[in-house]
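Beneath this line is the structure, given in structure tokens, with notes to follow.
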Amino acid sequence: MTNILLSSVIAFALCVILLHILIPNAHKLRLVDSPGGRKHHKAPTPLVGGLAIGISAASLMLWPNPLDSNLAWFWPPLFLLLFIGLCDDRHEISPRIRLFTQVIAGLIMIYGAGISLTSIGNLFGAGTIALGALSVPITLFAVASAINAFNMSDGLDGLAGGLAFIPLLTITLLAANAGLTTQAMLGGVFTASCLAFLMLNYRFPWVKHAKTFLGDTGSMILGFTTAWLLISLSEADVIAPITALYLIAVPLADTAAVLIRRKLNGRGLTSPGRDHLHHILRGMGLSVSATVACLHALALLIAAFGLS
């Protein structure tokens, strides 16, 4: 537990340092989100949050044990998603390319690391329901759903980062309590890095706007890491598969509702719009901070219910 805590503290400090280096150089890296259209921010904002999180977490986990057999297959898909995320933040690549990359990342997780959903647990009280031949497609669907749920929830300062921080912290504590050191360490460094990012992304009373955004880079790697860890814990019988859904219920449910509404209205699933839950709450008159606080509180309540 001491090593996990120490690594997390170092990851937090490293991410803070990286953010203060990357933010002033965001224009040189062409990682800047310009205002306009449906975007809320009023000034160009650096898109370096995800890059800082990825580098700081990887630095802690790859050193001094770069060949840890438990995580050897985690890094190829993570770096693939990080690369595609950076390309998307700079050039806005096709949704099909993003989805194809997510499927490749999921396949590496399944066939490389051997991590997949093999059952949905004792969902109906009649015994464990094995997935059999459906294991691979359902696992791929779960990975892509988690990644895109966090991506689509990234609409207000602090929102997506907080919705990722809650399950990551929960996963870390559950893994540590179960003696799963590798999963706890991985969860710890990503939780700490995410917290460091939130310090510069969240709207505090004395901070009127975010100093950096997560970007597609951040939503992709946080979504993938969360999915990897949740599936790992469910297969280790630390949590039931249904519990994993409770831990990321808010972004998943919001994304599902948006996609259904767009389909029923004859709109493209990836078309822009103001139909997310945070848009609805803002339309009711809530401030950005109040909206984010409400959704974070809802995520905590659902997670607590799922763990009870």
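In this text the structure is predicted, and so the values were computed from the model without any measurement.
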| remark: Smallest heavy-atom separation, Thr172 atom then Ala184 atom, equals CG2-O, 3.4 Å
| query | Heavy atoms, side chains only, cut-off 4.5 Å: are Met199 and Leu19 in contact? | reply | no
| query | If we only count heavy atoms from C-beta on, is the Ile302 to Val250 side-chain gap below 4.5 Å? | reply | yes
| request: With the side chain counted from C-beta on, respond yes when His296 and Leu300 share a heavy-atom pair under 4.5 Å apart, and no when they do not. | output: no
| query | In Å, rounded to the nearest 0.5 Å, how long is the span from CG of Leu14 to OG of Ser7? | reply | 11.5 Å
| field | Side-chain touch Val136/Tyr111, heavy atoms, less than 4.5 angstrom | value | yes
| field | ring pair (Phe, Tyr, Trp, His ring centres under 6.0 Å) partners for Phe305, two or more places apart | value | Tyr246
| query | Atom CG in Leu281, atom OG in Ser287: separation rounded to 0.5 Å? | reply | 10.5 Å
| remark: Going by chain and number, the hydrophobic cluster around Leu99 (ILVMFWY, side chain to side chain under 4.5 Å) further includes none
| Mind checking whether His278 and His276 have parallel, tilted or perpendicular rings, split at 30° and 60°? | parallel
| field | Non-hydrogen side-chain atoms of Leu222 and Phe165 separated by less than 4.5 Å | value | no
| request: Evaluate the side-chain proximity of Met61 to Phe190: yes if any heavy-atom separation is below 4.5 Å, no if none is. | output: no
| message | Does any part of the side chain of Leu247, heavy atoms only, come nearer than 4.5 Å to the side chain of Ile166, both counted from C-beta? | response | no
| field | Counterpart residues, salt bridge (Lys or Arg N to Asp or Glu O under 4.0 Å), relative to Asp88 (two or more places apart) | value | Arg98
| request: Taking Ser116 for its side chain and Ser135 for its backbone only, find out whether a donor-acceptor pair lies under 3.5 Å. | output: no
| Roughly how far, to the nearest 0.5 Å, is SG of Cys15 from CD1 of Ile55? | 9.0 Å
